[in-house]
Amino acid sequence: MLVPMGTKLDEVYAMAGLEMPHGPIVAKVNNKVEGMHFRVYKPKDIEFLDITSPTAMRTYTRTLFFILSKAAHELFPQCVVSIDIPVSNGYYVDLEIGRPVTLDDVGQLRRRMQEIISQDLPIRRHETTTEEAIALFERSGAISKVKLLRSQGSIYTTYYDLDGYEDYYYGALLTRTSQIYLFGLEKYFDGVLLRIPSAEHPDELGELVHQDKMFGIFKEHHRWQQLLSLRTVGDLNEAIDNGRSSLLIQVSEALQEKKIAKIADDIASRRDIRLVLIAGPSSSGKTTTCKRLSVQLLTNGIKPIGISLDDYFLDRDQTPRDAHGDYDFESIYALNLPLLNEQLTALFRGDEVELPRYDFPTGRSVSSGRRLRLADDEVLVVEGIHALNPELTAQIPDALKYRVYASALTTLLLDNHNYVPTTDNRLLRRIIRDHKYRGVTAQETIRRWPSVRRGENKWIFPYQEQADQMFNTAMLFELAVIKSQAEPLLEQVPESAPEYAEAYRLRKFLGYIHPIPEDQIPPTSLLREFLGGSSFEY
(Lines give C-alpha, C1' and ligand atoms only; values in the text may rest on other atoms or scores of the structure.)
Protein backbone atom coordinates (compact mmCIF):
# COMPACT_ATOMS: atom_id res chain seq x y z
CA MET A 1 0.00 0.00 0.00
CA LEU A 2 1.08 3.61 -0.55
CA VAL A 3 1.22 6.13 2.31
CA PRO A 4 2.44 9.74 2.46
CA MET A 5 6.12 10.17 3.23
CA GLY A 6 6.74 10.53 6.98
CA THR A 7 3.63 8.59 8.03
CA LYS A 8 3.92 7.07 11.51
CA LEU A 9 3.44 3.33 11.98
CA ASP A 10 0.27 3.77 14.01
CA GLU A 11 -1.16 5.79 11.12
CA VAL A 12 -0.08 3.10 8.62
CA TYR A 13 -1.93 0.54 10.72
CA ALA A 14 -5.11 2.66 10.70
CA MET A 15 -4.88 3.21 6.93
CA ALA A 16 -4.47 -0.53 6.33
CA GLY A 17 -7.77 -1.25 8.08
CA LEU A 18 -6.25 -4.03 10.16
CA GLU A 19 -7.80 -5.34 13.37
CA MET A 20 -5.73 -6.84 16.19
CA PRO A 21 -7.53 -7.43 19.52
CA HIS A 22 -4.37 -6.69 21.53
CA GLY A 23 -2.31 -4.66 19.13
CA PRO A 24 -0.53 -3.34 17.40
CA ILE A 25 2.12 -2.88 20.11
CA VAL A 26 5.21 -2.60 17.91
CA ALA A 27 6.19 -3.59 14.39
CA LYS A 28 9.03 -5.28 12.58
CA VAL A 29 10.28 -2.88 9.93
CA ASN A 30 12.63 -4.68 7.55
CA ASN A 31 13.13 -7.25 10.35
CA LYS A 32 14.09 -4.61 12.91
CA VAL A 33 11.70 -3.84 15.78
CA GLU A 34 10.42 -0.26 15.84
CA GLY A 35 7.91 1.51 18.05
CA MET A 36 4.69 2.86 16.61
CA HIS A 37 6.27 6.35 16.76
CA PHE A 38 8.48 5.32 13.80
CA ARG A 39 7.96 7.31 10.56
CA VAL A 40 8.14 5.73 7.12
CA TYR A 41 10.09 7.63 4.46
CA LYS A 42 11.04 4.79 2.09
CA PRO A 43 9.45 1.49 0.99
CA LYS A 44 9.45 -0.88 3.96
CA ASP A 45 8.36 -4.40 4.80
CA ILE A 46 6.18 -4.02 7.92
CA GLU A 47 4.85 -6.72 10.25
CA PHE A 48 2.69 -5.52 13.15
CA LEU A 49 3.00 -7.43 16.43
CA ASP A 50 0.40 -7.84 19.19
CA ILE A 51 0.93 -8.58 22.86
CA THR A 52 1.25 -12.34 22.32
CA SER A 53 4.68 -11.64 20.81
CA PRO A 54 7.53 -11.60 23.39
CA THR A 55 8.87 -8.46 21.71
CA ALA A 56 5.53 -6.68 22.03
CA MET A 57 5.12 -7.85 25.62
CA ARG A 58 8.45 -6.20 26.49
CA THR A 59 7.18 -2.93 24.98
CA TYR A 60 3.91 -3.14 26.91
CA THR A 61 5.82 -3.89 30.13
CA ARG A 62 8.32 -1.06 29.62
CA THR A 63 5.41 1.35 29.20
CA LEU A 64 3.97 0.12 32.48
CA PHE A 65 7.35 0.78 34.12
CA PHE A 66 7.22 4.34 32.76
CA ILE A 67 3.70 4.96 34.11
CA LEU A 68 4.57 3.43 37.47
CA SER A 69 7.72 5.55 37.77
CA LYS A 70 5.83 8.74 36.92
CA ALA A 71 3.05 7.96 39.41
CA ALA A 72 5.57 7.12 42.16
CA HIS A 73 7.48 10.37 41.68
CA GLU A 74 4.25 12.36 41.82
CA LEU A 75 3.16 10.71 45.07
CA PHE A 76 6.61 10.42 46.67
CA PRO A 77 8.77 13.14 45.03
CA GLN A 78 12.09 11.99 46.56
CA CYS A 79 11.57 8.26 46.02
CA VAL A 80 13.92 5.93 44.16
CA VAL A 81 12.15 3.37 41.96
CA SER A 82 14.05 0.22 40.95
CA ILE A 83 12.44 -2.25 38.53
CA ASP A 84 14.16 -5.14 40.13
CA ILE A 85 13.22 -8.81 39.94
CA PRO A 86 11.08 -10.82 37.48
CA VAL A 87 9.14 -13.03 39.88
CA SER A 88 5.63 -14.48 40.39
CA ASN A 89 4.63 -13.74 36.77
CA GLY A 90 5.33 -10.06 37.31
CA TYR A 91 8.09 -7.70 38.40
CA TYR A 92 9.16 -6.85 41.91
CA VAL A 93 9.63 -3.10 42.24
CA ASP A 94 11.74 -1.67 45.07
CA LEU A 95 10.33 1.64 46.31
CA GLU A 96 12.66 3.70 48.49
CA ILE A 97 10.34 6.32 50.03
CA GLY A 98 12.16 6.85 53.33
CA ARG A 99 9.91 4.47 55.28
CA PRO A 100 8.31 1.03 54.91
CA VAL A 101 5.83 0.73 52.05
CA THR A 102 2.25 0.26 53.30
CA LEU A 103 -0.89 -1.18 51.75
CA ASP A 104 -2.27 2.38 51.58
CA ASP A 105 0.82 3.48 49.61
CA VAL A 106 0.25 0.66 47.12
CA GLY A 107 -3.42 1.58 46.77
CA GLN A 108 -2.58 5.22 46.08
CA LEU A 109 0.03 4.21 43.51
CA ARG A 110 -2.35 1.83 41.75
CA ARG A 111 -5.08 4.47 41.56
CA ARG A 112 -2.70 7.13 40.23
CA MET A 113 -1.42 4.74 37.55
CA GLN A 114 -4.99 4.05 36.46
CA GLU A 115 -5.72 7.78 36.31
CA ILE A 116 -2.71 8.33 34.05
CA ILE A 117 -3.87 5.48 31.82
CA SER A 118 -7.45 6.78 31.69
CA GLN A 119 -6.27 10.28 30.73
CA ASP A 120 -5.04 8.87 27.40
CA LEU A 121 -1.82 10.88 27.59
CA PRO A 122 0.60 10.88 24.66
CA ILE A 123 4.01 9.30 25.18
CA ARG A 124 6.44 11.43 23.22
CA ARG A 125 9.75 10.19 21.88
CA HIS A 126 12.69 12.64 21.70
CA GLU A 127 16.10 12.27 20.10
CA THR A 128 18.89 14.50 21.38
CA THR A 129 22.63 14.51 21.88
CA THR A 130 23.83 12.19 24.61
CA GLU A 131 25.43 15.15 26.40
CA GLU A 132 22.07 16.92 26.55
CA ALA A 133 20.38 13.72 27.79
CA ILE A 134 23.03 13.34 30.50
CA ALA A 135 22.44 16.93 31.62
CA LEU A 136 18.68 16.30 31.67
CA PHE A 137 18.99 13.24 33.93
CA GLU A 138 21.60 14.89 36.13
CA ARG A 139 19.07 17.62 36.88
CA SER A 140 16.45 15.01 37.83
CA GLY A 141 18.91 13.04 39.99
CA ALA A 142 18.71 9.85 37.87
CA ILE A 143 22.30 8.84 38.61
CA SER A 144 22.04 5.27 37.25
CA LYS A 145 20.95 6.65 33.86
CA VAL A 146 23.76 9.20 33.87
CA LYS A 147 26.32 6.43 34.50
CA LEU A 148 24.86 4.26 31.74
CA LEU A 149 24.75 7.03 29.12
CA ARG A 150 28.26 8.25 29.99
CA SER A 151 29.68 4.77 29.48
CA GLN A 152 27.74 4.07 26.29
CA GLY A 153 29.75 6.25 23.92
CA SER A 154 26.84 7.14 21.59
CA ILE A 155 26.52 10.59 20.03
CA TYR A 156 22.72 10.62 20.14
CA THR A 157 20.24 9.26 22.68
CA THR A 158 16.49 8.71 22.63
CA TYR A 159 14.36 9.44 25.68
CA TYR A 160 10.62 9.60 26.38
CA ASP A 161 8.36 12.25 27.89
CA LEU A 162 5.03 11.62 29.64
CA ASP A 163 3.27 14.84 30.61
CA GLY A 164 6.55 16.47 31.61
CA TYR A 165 8.12 13.40 33.22
CA GLU A 166 11.21 12.29 31.25
CA ASP A 167 12.80 8.86 31.32
CA TYR A 168 15.14 6.66 29.29
CA TYR A 169 14.21 3.13 28.19
CA TYR A 170 16.08 0.43 26.36
CA GLY A 171 13.59 -0.28 23.59
CA ALA A 172 10.33 1.13 22.27
CA LEU A 173 7.30 2.29 24.26
CA LEU A 174 3.61 2.57 23.38
CA THR A 175 2.38 5.86 21.92
CA ARG A 176 -0.43 6.57 24.42
CA THR A 177 -1.13 5.58 28.01
CA SER A 178 -4.63 4.33 27.16
CA GLN A 179 -3.07 1.40 25.30
CA ILE A 180 -2.39 -0.16 28.70
CA TYR A 181 -5.59 -2.15 29.12
CA LEU A 182 -4.63 -4.46 32.01
CA PHE A 183 -2.20 -4.44 34.94
CA GLY A 184 -2.06 -5.29 38.62
CA LEU A 185 -0.15 -3.81 41.55
CA GLU A 186 0.12 -5.48 44.94
CA LYS A 187 2.26 -5.24 48.05
CA TYR A 188 5.02 -7.82 47.85
CA PHE A 189 7.51 -8.31 50.68
CA ASP A 190 8.99 -4.84 51.32
CA GLY A 191 8.08 -3.45 47.89
CA VAL A 192 5.38 -3.96 45.24
CA LEU A 193 4.63 -6.53 42.56
CA LEU A 194 3.70 -5.16 39.14
CA ARG A 195 1.57 -7.77 37.37
CA ILE A 196 1.21 -7.99 33.59
CA PRO A 197 -1.13 -9.81 31.17
CA SER A 198 -0.56 -13.48 30.52
CA ALA A 199 1.07 -14.16 27.16
CA GLU A 200 -1.18 -17.21 26.68
CA HIS A 201 -4.38 -15.48 27.85
CA PRO A 202 -3.89 -11.73 27.20
CA ASP A 203 -7.25 -10.79 28.77
CA GLU A 204 -6.10 -12.14 32.14
CA LEU A 205 -3.24 -11.26 34.46
CA GLY A 206 -0.49 -13.83 34.77
CA GLU A 207 -1.19 -16.27 37.60
CA LEU A 208 0.20 -15.08 40.93
CA VAL A 209 2.63 -17.88 41.75
CA HIS A 210 4.45 -17.67 45.06
CA GLN A 211 8.19 -17.90 44.46
CA ASP A 212 9.63 -17.16 47.86
CA LYS A 213 12.80 -19.22 47.28
CA MET A 214 13.41 -17.56 43.93
CA PHE A 215 12.90 -14.15 45.50
CA GLY A 216 15.32 -15.08 48.26
CA ILE A 217 18.09 -16.05 45.85
CA PHE A 218 17.75 -12.69 44.05
CA LYS A 219 17.94 -10.87 47.38
CA GLU A 220 21.05 -12.87 48.32
CA HIS A 221 22.76 -11.75 45.13
CA HIS A 222 21.79 -8.16 45.82
CA ARG A 223 23.70 -8.41 49.09
CA TRP A 224 26.72 -9.65 47.15
CA GLN A 225 26.36 -6.72 44.76
CA GLN A 226 26.35 -4.28 47.65
CA LEU A 227 29.72 -5.69 48.72
CA LEU A 228 31.12 -4.71 45.32
CA SER A 229 29.06 -1.51 44.79
CA LEU A 230 27.75 -3.12 41.61
CA ARG A 231 24.04 -2.59 40.94
CA THR A 232 23.83 -1.48 37.30
CA VAL A 233 25.66 -1.82 33.99
CA GLY A 234 26.93 1.73 34.54
CA ASP A 235 28.54 0.54 37.79
CA LEU A 236 30.04 -2.46 35.98
CA ASN A 237 31.49 -0.30 33.20
CA GLU A 238 32.91 2.11 35.75
CA ALA A 239 34.58 -0.75 37.63
CA ILE A 240 36.07 -2.16 34.40
CA ASP A 241 37.36 1.24 33.31
CA ASN A 242 38.94 1.75 36.75
CA GLY A 243 40.87 -1.54 36.59
CA ARG A 244 38.69 -3.46 39.06
CA SER A 245 37.68 -6.33 36.75
CA SER A 246 40.11 -8.84 38.34
CA LEU A 247 38.68 -8.12 41.79
CA LEU A 248 35.12 -8.53 40.47
CA ILE A 249 36.00 -11.91 38.99
CA GLN A 250 37.83 -13.15 42.07
CA VAL A 251 35.09 -12.13 44.51
CA SER A 252 32.27 -13.38 42.26
CA GLU A 253 33.94 -16.77 41.76
CA ALA A 254 34.67 -17.06 45.50
CA LEU A 255 31.08 -16.23 46.45
CA GLN A 256 29.77 -18.80 44.01
CA GLU A 257 32.17 -21.49 45.25
CA LYS A 258 31.20 -20.69 48.83
CA LYS A 259 27.54 -21.23 47.93
CA ILE A 260 28.32 -24.61 46.33
CA ALA A 261 30.33 -25.62 49.39
CA LYS A 262 27.40 -24.67 51.61
CA ILE A 263 25.07 -26.89 49.58
CA ALA A 264 27.55 -29.79 49.89
CA ASP A 265 27.79 -29.21 53.65
CA ASP A 266 23.99 -29.27 53.90
CA ILE A 267 23.84 -32.59 52.02
CA ALA A 268 26.54 -34.06 54.26
CA SER A 269 24.63 -33.03 57.36
CA ARG A 270 21.62 -35.07 56.25
CA ARG A 271 22.79 -38.63 56.76
CA ASP A 272 19.84 -40.22 54.94
CA ILE A 273 20.46 -38.50 51.58
CA ARG A 274 21.27 -41.02 48.83
CA LEU A 275 20.09 -39.12 45.74
CA VAL A 276 21.05 -35.58 44.72
CA LEU A 277 18.85 -34.19 41.92
CA ILE A 278 20.02 -31.13 39.95
CA ALA A 279 17.61 -29.40 37.55
CA GLY A 280 17.54 -26.16 35.63
CA PRO A 281 16.61 -24.65 32.28
CA SER A 282 18.69 -24.61 29.11
CA SER A 283 22.20 -23.13 29.44
CA SER A 284 21.83 -22.67 33.17
CA GLY A 285 25.17 -24.34 33.82
CA LYS A 286 23.72 -27.52 35.35
CA THR A 287 26.63 -29.66 34.19
CA THR A 288 29.37 -27.53 35.75
CA THR A 289 27.25 -27.06 38.88
CA CYS A 290 27.04 -30.84 39.11
CA LYS A 291 30.82 -31.23 38.69
CA ARG A 292 31.71 -28.53 41.20
CA LEU A 293 29.20 -29.87 43.71
CA SER A 294 30.70 -33.34 43.27
CA VAL A 295 34.14 -31.95 44.18
CA GLN A 296 32.72 -30.33 47.31
CA LEU A 297 30.92 -33.55 48.26
CA LEU A 298 34.25 -35.37 48.11
CA THR A 299 35.74 -32.85 50.54
CA ASN A 300 32.93 -33.89 52.90
CA GLY A 301 33.83 -37.57 52.60
CA ILE A 302 30.97 -38.37 50.22
CA LYS A 303 31.64 -40.10 46.89
CA PRO A 304 29.31 -38.85 44.13
CA ILE A 305 28.22 -41.34 41.49
CA GLY A 306 26.79 -39.73 38.37
CA ILE A 307 23.90 -41.18 36.40
CA SER A 308 22.78 -39.68 33.08
CA LEU A 309 19.04 -39.44 32.46
CA ASP A 310 19.80 -39.55 28.73
CA ASP A 311 20.52 -43.28 29.12
CA TYR A 312 16.94 -43.85 30.28
CA PHE A 313 15.28 -42.69 27.04
CA LEU A 314 12.63 -45.01 25.67
CA ASP A 315 13.25 -46.73 22.37
CA ARG A 316 12.49 -44.36 19.50
CA ASP A 317 9.29 -46.16 18.47
CA GLN A 318 7.89 -45.64 22.00
CA THR A 319 8.83 -41.94 22.25
CA PRO A 320 5.82 -39.59 22.54
CA ARG A 321 5.19 -37.05 19.81
CA ASP A 322 4.32 -33.37 20.08
CA ALA A 323 1.43 -31.47 18.47
CA HIS A 324 3.36 -31.29 15.19
CA GLY A 325 3.95 -35.05 15.07
CA ASP A 326 7.66 -34.75 15.90
CA TYR A 327 9.36 -36.80 18.60
CA ASP A 328 9.05 -34.93 21.90
CA PHE A 329 12.37 -35.61 23.61
CA GLU A 330 11.68 -32.78 26.10
CA SER A 331 8.74 -34.69 27.60
CA ILE A 332 9.30 -36.56 30.85
CA TYR A 333 7.40 -39.42 29.22
CA ALA A 334 10.24 -39.86 26.74
CA LEU A 335 12.08 -41.48 29.67
CA ASN A 336 11.66 -45.04 30.89
CA LEU A 337 10.33 -44.01 34.30
CA PRO A 338 9.50 -47.54 35.53
CA LEU A 339 13.06 -48.76 34.80
CA LEU A 340 14.63 -45.71 36.45
CA ASN A 341 12.58 -46.11 39.63
CA GLU A 342 13.12 -49.87 39.69
CA GLN A 343 16.90 -49.47 39.49
CA LEU A 344 17.05 -46.62 42.02
CA THR A 345 14.99 -48.66 44.48
CA ALA A 346 17.30 -51.64 43.99
CA LEU A 347 20.42 -49.52 44.51
CA PHE A 348 19.10 -47.98 47.72
CA ARG A 349 18.21 -51.49 48.91
CA GLY A 350 21.85 -52.47 48.45
CA ASP A 351 21.43 -54.52 45.28
CA GLU A 352 23.61 -54.39 42.17
CA VAL A 353 22.13 -53.27 38.85
CA GLU A 354 23.34 -52.95 35.29
CA LEU A 355 22.78 -49.40 34.08
CA PRO A 356 21.31 -48.91 30.60
CA ARG A 357 23.00 -47.06 27.75
CA TYR A 358 21.02 -45.23 25.11
CA ASP A 359 22.36 -45.56 21.58
CA PHE A 360 21.31 -42.31 19.92
CA PRO A 361 22.17 -43.31 16.29
CA THR A 362 19.82 -46.33 16.45
CA GLY A 363 17.38 -44.83 18.95
CA ARG A 364 17.47 -47.90 21.18
CA SER A 365 18.35 -48.76 24.78
CA VAL A 366 21.24 -51.25 24.82
CA SER A 367 23.30 -53.09 27.40
CA SER A 368 26.08 -50.95 28.87
CA GLY A 369 28.03 -53.56 30.81
CA ARG A 370 28.32 -50.99 33.63
CA ARG A 371 27.27 -52.59 36.90
CA LEU A 372 26.75 -50.54 40.01
CA ARG A 373 26.24 -51.17 43.72
CA LEU A 374 26.15 -48.19 46.10
CA ALA A 375 28.56 -48.15 49.03
CA ASP A 376 27.61 -46.51 52.33
CA ASP A 377 29.71 -43.42 51.57
CA GLU A 378 28.32 -42.94 48.05
CA VAL A 379 25.38 -40.90 46.75
CA LEU A 380 23.83 -40.82 43.31
CA VAL A 381 23.95 -37.47 41.50
CA VAL A 382 21.41 -37.02 38.71
CA GLU A 383 21.35 -33.91 36.52
CA GLY A 384 18.68 -33.09 33.96
CA ILE A 385 15.74 -30.86 33.09
CA HIS A 386 13.24 -33.20 34.79
CA ALA A 387 15.24 -33.82 37.95
CA LEU A 388 12.82 -31.91 40.22
CA ASN A 389 9.65 -33.34 38.67
CA PRO A 390 8.09 -35.63 41.32
CA GLU A 391 7.10 -38.13 38.60
CA LEU A 392 10.75 -38.81 37.77
CA THR A 393 11.45 -40.47 41.11
CA ALA A 394 7.89 -41.16 42.26
CA GLN A 395 8.80 -44.47 43.96
CA ILE A 396 11.74 -43.05 45.93
CA PRO A 397 11.04 -41.75 49.46
CA ASP A 398 11.53 -37.99 49.77
CA ALA A 399 13.78 -38.52 52.79
CA LEU A 400 16.44 -39.97 50.46
CA LYS A 401 16.38 -37.00 48.03
CA TYR A 402 18.10 -33.64 47.94
CA ARG A 403 16.95 -31.25 45.21
CA VAL A 404 19.01 -28.41 43.70
CA TYR A 405 17.63 -25.90 41.20
CA ALA A 406 20.27 -24.10 39.13
CA SER A 407 19.56 -21.15 36.87
CA ALA A 408 21.24 -18.01 35.56
CA LEU A 409 19.28 -15.32 37.41
CA THR A 410 20.70 -12.03 36.19
CA THR A 411 20.61 -9.45 38.98
CA LEU A 412 22.40 -6.61 37.19
CA LEU A 413 20.20 -3.76 35.89
CA LEU A 414 20.92 -1.52 32.91
CA ASP A 415 19.72 1.30 35.13
CA ASN A 416 17.06 1.55 37.84
CA HIS A 417 14.17 1.41 35.34
CA ASN A 418 15.64 -1.07 32.84
CA TYR A 419 16.09 -4.65 34.02
CA VAL A 420 18.09 -7.30 32.15
CA PRO A 421 15.92 -10.33 31.25
CA THR A 422 17.36 -13.50 32.78
CA THR A 423 16.51 -15.38 29.60
CA ASP A 424 18.83 -13.10 27.58
CA ASN A 425 21.76 -14.27 29.68
CA ARG A 426 20.97 -17.92 28.98
CA LEU A 427 20.26 -17.31 25.29
CA LEU A 428 23.67 -15.66 24.84
CA ARG A 429 25.34 -18.59 26.60
CA ARG A 430 23.52 -21.03 24.34
CA ILE A 431 24.39 -19.12 21.17
CA ILE A 432 28.08 -19.38 22.06
CA ARG A 433 27.90 -23.04 23.13
CA ASP A 434 25.84 -24.15 20.11
CA HIS A 435 28.34 -22.53 17.75
CA LYS A 436 31.43 -23.80 19.54
CA TYR A 437 30.41 -27.38 20.28
CA ARG A 438 27.49 -28.20 17.98
CA GLY A 439 28.19 -26.25 14.80
CA VAL A 440 24.84 -24.45 15.07
CA THR A 441 24.52 -20.83 13.94
CA ALA A 442 23.19 -18.01 16.08
CA GLN A 443 20.28 -17.71 13.65
CA GLU A 444 19.27 -21.33 14.23
CA THR A 445 19.66 -21.06 18.02
CA ILE A 446 17.44 -17.96 18.06
CA ARG A 447 14.90 -19.74 15.83
CA ARG A 448 14.67 -22.69 18.23
CA TRP A 449 14.63 -20.60 21.41
CA PRO A 450 10.82 -20.08 21.65
CA SER A 451 10.33 -23.85 21.54
CA VAL A 452 12.98 -24.30 24.25
CA ARG A 453 11.21 -21.69 26.39
CA ARG A 454 7.84 -23.43 25.96
CA GLY A 455 9.40 -26.69 27.16
CA GLU A 456 10.90 -24.95 30.19
CA ASN A 457 7.57 -23.41 31.12
CA LYS A 458 5.94 -26.83 30.93
CA TRP A 459 8.54 -29.15 32.41
CA ILE A 460 10.94 -27.13 34.60
CA PHE A 461 9.61 -23.89 36.08
CA PRO A 462 6.52 -25.42 37.80
CA TYR A 463 8.83 -27.44 40.08
CA GLN A 464 11.58 -24.95 40.91
CA GLU A 465 10.14 -23.96 44.30
CA GLN A 466 10.35 -27.61 45.41
CA ALA A 467 14.14 -27.38 45.53
CA ASP A 468 15.97 -27.74 48.84
CA GLN A 469 18.49 -25.20 47.55
CA MET A 470 18.56 -22.76 44.65
CA PHE A 471 21.86 -21.89 43.03
CA ASN A 472 22.33 -18.82 40.87
CA THR A 473 24.87 -19.62 38.16
CA ALA A 474 24.97 -16.05 36.73
CA MET A 475 28.19 -14.17 37.41
CA LEU A 476 28.18 -10.45 38.20
CA PHE A 477 30.82 -9.84 35.52
CA GLU A 478 29.50 -12.41 33.05
CA LEU A 479 28.03 -10.26 30.31
CA ALA A 480 31.30 -8.32 29.99
CA VAL A 481 33.16 -11.59 29.29
CA ILE A 482 30.72 -13.32 26.92
CA LYS A 483 30.23 -10.11 24.92
CA SER A 484 33.36 -10.66 22.81
CA GLN A 485 32.31 -14.15 21.68
CA ALA A 486 28.60 -13.40 21.26
CA GLU A 487 28.75 -10.22 19.19
CA PRO A 488 30.51 -11.70 16.11
CA LEU A 489 28.03 -14.59 16.04
CA LEU A 490 25.04 -12.24 16.24
CA GLU A 491 26.47 -10.10 13.44
CA GLN A 492 26.34 -13.15 11.13
CA VAL A 493 22.52 -13.30 11.27
CA PRO A 494 21.43 -11.88 7.89
CA GLU A 495 19.16 -8.84 7.86
CA SER A 496 16.72 -10.71 5.62
CA ALA A 497 16.17 -13.44 8.24
CA PRO A 498 13.20 -13.35 10.65
CA GLU A 499 15.69 -13.90 13.50
CA TYR A 500 17.51 -10.66 12.69
CA ALA A 501 15.28 -8.57 14.98
CA GLU A 502 16.26 -10.62 18.03
CA ALA A 503 19.94 -10.70 17.01
CA TYR A 504 19.89 -6.92 16.56
CA ARG A 505 18.24 -6.43 19.97
CA LEU A 506 20.89 -8.57 21.68
CA ARG A 507 23.70 -6.73 19.87
CA LYS A 508 22.26 -3.40 20.95
CA PHE A 509 22.04 -4.63 24.54
CA LEU A 510 25.63 -5.91 24.54
CA GLY A 511 26.71 -2.54 23.12
CA TYR A 512 26.04 -0.99 26.54
CA ILE A 513 28.63 -3.22 28.22
CA HIS A 514 32.40 -2.75 28.28
CA PRO A 515 34.37 -5.96 27.64
CA ILE A 516 36.52 -7.99 30.01
CA PRO A 517 39.16 -10.26 28.38
CA GLU A 518 38.23 -13.93 28.60
CA ASP A 519 41.71 -14.93 29.81
CA GLN A 520 41.00 -13.28 33.16
CA ILE A 521 38.52 -15.97 34.25
CA PRO A 522 39.83 -19.20 35.86
CA PRO A 523 39.55 -22.66 34.22
CA THR A 524 37.13 -23.82 36.95
CA SER A 525 34.68 -20.99 36.24
CA LEU A 526 31.17 -22.06 35.34
CA LEU A 527 31.41 -19.80 32.28
CA ARG A 528 34.05 -22.12 30.83
CA GLU A 529 31.25 -24.62 30.11
CA PHE A 530 30.18 -22.24 27.34
CA LEU A 531 33.35 -20.35 26.42
CA GLY A 532 35.72 -23.32 26.43
CA GLY A 533 39.01 -23.77 28.28
CA SER A 534 37.50 -25.54 31.31
CA SER A 535 39.56 -27.82 33.53
CA PHE A 536 36.47 -30.05 33.82
CA GLU A 537 35.73 -32.75 31.26
CA TYR A 538 32.33 -32.59 29.57
Side-chain angles (χ1 to χ4, degrees), residues 267 272-282 284 286-287 289-290 293-294 304-374 378-407 451-470:
I267 294 170
D272 293 336
I273 298 298
R274 306 305 309 278
L275 177 62
V276 177
L277 299 159
I278 302 175
S282 174
S284 61
K286 296 185 296 293
T287 304
T289 299
C290 183
L293 180 59
S294 295
I305 306 296
I307 287 183
S308 173
L309 288 180
D310 286 354
D311 285 325
Y312 286 88
F313 273 124
L314 291 167
D315 287 349
R316 190 72 45 81
D317 59 359
Q318 299 178 49
T319 301
R321 295 178 182 267
D322 62 19
H324 304 289
D326 299 323
Y327 289 117
D328 187 1
F329 295 110
E330 302 296 315
S331 170
I332 193 172
Y333 304 113
L335 298 173
N336 190 335
L337 299 179
L339 176 62
L340 175 64
N341 279 269
E342 175 189 320
Q343 293 202 332
L344 290 177
T345 300
L347 286 168
F348 299 147
R349 193 171 55 232
D351 297 344
E352 183 179 84
V353 303
E354 181 181 355
L355 300 176
R357 181 177 69 82
Y358 191 75
D359 184 61
F360 282 90
T362 63
R364 299 189 64 81
S365 180
V366 298
S367 175
S368 71
R370 180 190 175 193
R371 304 194 69 82
L372 177 64
R373 186 194 303 272
L374 277 185
E378 294 176 333
V379 299
L380 289 178
V381 180
V382 176
E383 170 253 310
I385 64 171
H386 298 296
L388 297 192
N389 190 325
E391 279 198 70
L392 184 77
T393 54
Q395 297 175 32
I396 309 304
D398 283 346
L400 302 182
K401 305 174 192 174
Y402 191 95
R403 304 171 181 87
V404 178
Y405 178 76
S407 190
S451 175
V452 171
R453 297 280 290 124
R454 285 192 294 272
E456 293 169 352
N457 287 329
K458 182 176 182 179
W459 297 112
I460 301 174
F461 297 148
Y463 309 106
Q464 60 192 15
E465 285 290 313
Q466 298 181 15
D468 294 285
Q469 287 282 350
M470 285 192 174

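Note that these values count all heavy atoms, side chains included, but never hydrogens, waters or copies made by symmetry.
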Just by modelled atom types, is the Ala279 backbone N or O under 3.5 Å from a matching donor or acceptor in the His386 side chain?
no

Determine whether a donor-acceptor pair (N or O, by modelled atom type, separation under 3.5 Å) exists between the side chain of Asp315 and the backbone of Gln318.
no

Without swapping roles, check the side chain of Asp468 against the backbone of Val404 for a donor-acceptor pair under 3.5 Å.
no

Between Leu340 and Leu335, is any pair of side-chain heavy atoms under 4.5 Å apart?
no

Can you tell me how far the CG atom of Asp359 sits from the OG atom of Ser367, to the nearest 0.5 Å?
12.0 Å

Counting C-beta onward and ignoring hydrogens, is there a side-chain heavy-atom pair between Asn389 and Trp459 closer than 4.5 Å?
yes

Under a 3.5 Å cutoff, is there a donor and acceptor pairing between the side chains of Ser282 and Glu456?
no

Is it true that a side-chain atom of Lys401 and a backbone atom of Ile396 form a donor plus acceptor pair closer than 3.5 Å?
yes

Verify side-chain contact (heavy atoms from CB on, under 4.5 Å) between Asp310 and Phe360, making sure each step is shown before the conclusion.
CA-CA 9 Å; Asp310 286 354; Phe360 282 90; 4.0 Å; yes

How would you list, by chain and number, every residue that makes a ring-ring contact (aromatic ring centres under 6.0 Å, His included) with Tyr327, sequence neighbours excluded?
Phe329

So, for Arg373 and Glu378, which heavy atoms are closest and what is the spacing to 0.1 Å?
O-OE1, 3.7 Å

Exam field: side chain Asn457 to backbone Arg453, donor-acceptor pair closer than 3.5 Å
yes

Return yes if some donor-acceptor pair links the side-chain N/O of Ser284 with the main-chain N/O of Pro281 below 3.5 Å, else return no.
yes

Rounded to the nearest 0.5 Å, how far does CD of Gln464 lie from OH of Tyr405?
4.0 Å

Would the number of heavy atoms belonging to other residues, nucleotides or ligands and lying under 6.0 Å from CZ of Arg321 be above 12?
yes

Atom pair CG/CZ of Asp317 and Arg364 - distance to nearest 0.5 Å
6.5 Å

Less than 4.5 Å apart, any side-chain heavy atom of Asp398 and any of Arg403?
yes

When you look at Arg357 and Ser365, which way does the side-chain contact (heavy atoms from CB on, under 4.5 Å) test go after all the steps?
CA-CA 6 Å; Arg357 181 177 69 82; Ser365 180; over 6 Å; no

How long is the straight-line distance from NZ of Lys286 back to OG of Ser407, given to the nearest 0.5 Å?
9.0 Å

Side-chain donor or acceptor of Asn341 paired with backbone N/O of Gln395 under 3.5 Å
yes

Do the side-chain N and O atoms of Glu391 and Tyr333 include a donor-acceptor pair separated by under 3.5 angstrom?
yes

Interatomic distance, CG@Leu277 vs CG@Leu392, rounded to 0.5 Å, equals 7.0 Å

In Å and rounded to the nearest 0.5 Å, what is the CD1 to CD1 distance from Ile385 to Ile278?
15.0 Å

Can you tell me which residue among Leu374, Val382, Val276, Val381 is in a side chain to side chain contact (heavy atoms under 4.5 Å, CB included) with Ile305?
Leu374

What pair of heavy atoms forms the shortest contact from Thr319 to Ala334, and how long is it?
CG2-CB, 4.2 Å

Val379 and Leu275, any side-chain heavy atoms less than 4.5 Å apart:
no

Just do the side-chain hydrogen bond (donor to acceptor under 3.5 Å, both in side chains) check on Tyr312 and Gln343 with the steps written out, would you?
CA-CA 11 Å; Tyr312 286 88; Gln343 293 202 332; 2.7 Å; yes

Exam field: side chain Asp311 to backbone Tyr358, donor-acceptor pair closer than 3.5 Å:
yes

Donor-acceptor pair, side chain of Glu383 and main chain of Cys290, under 3.5 angstrom
no

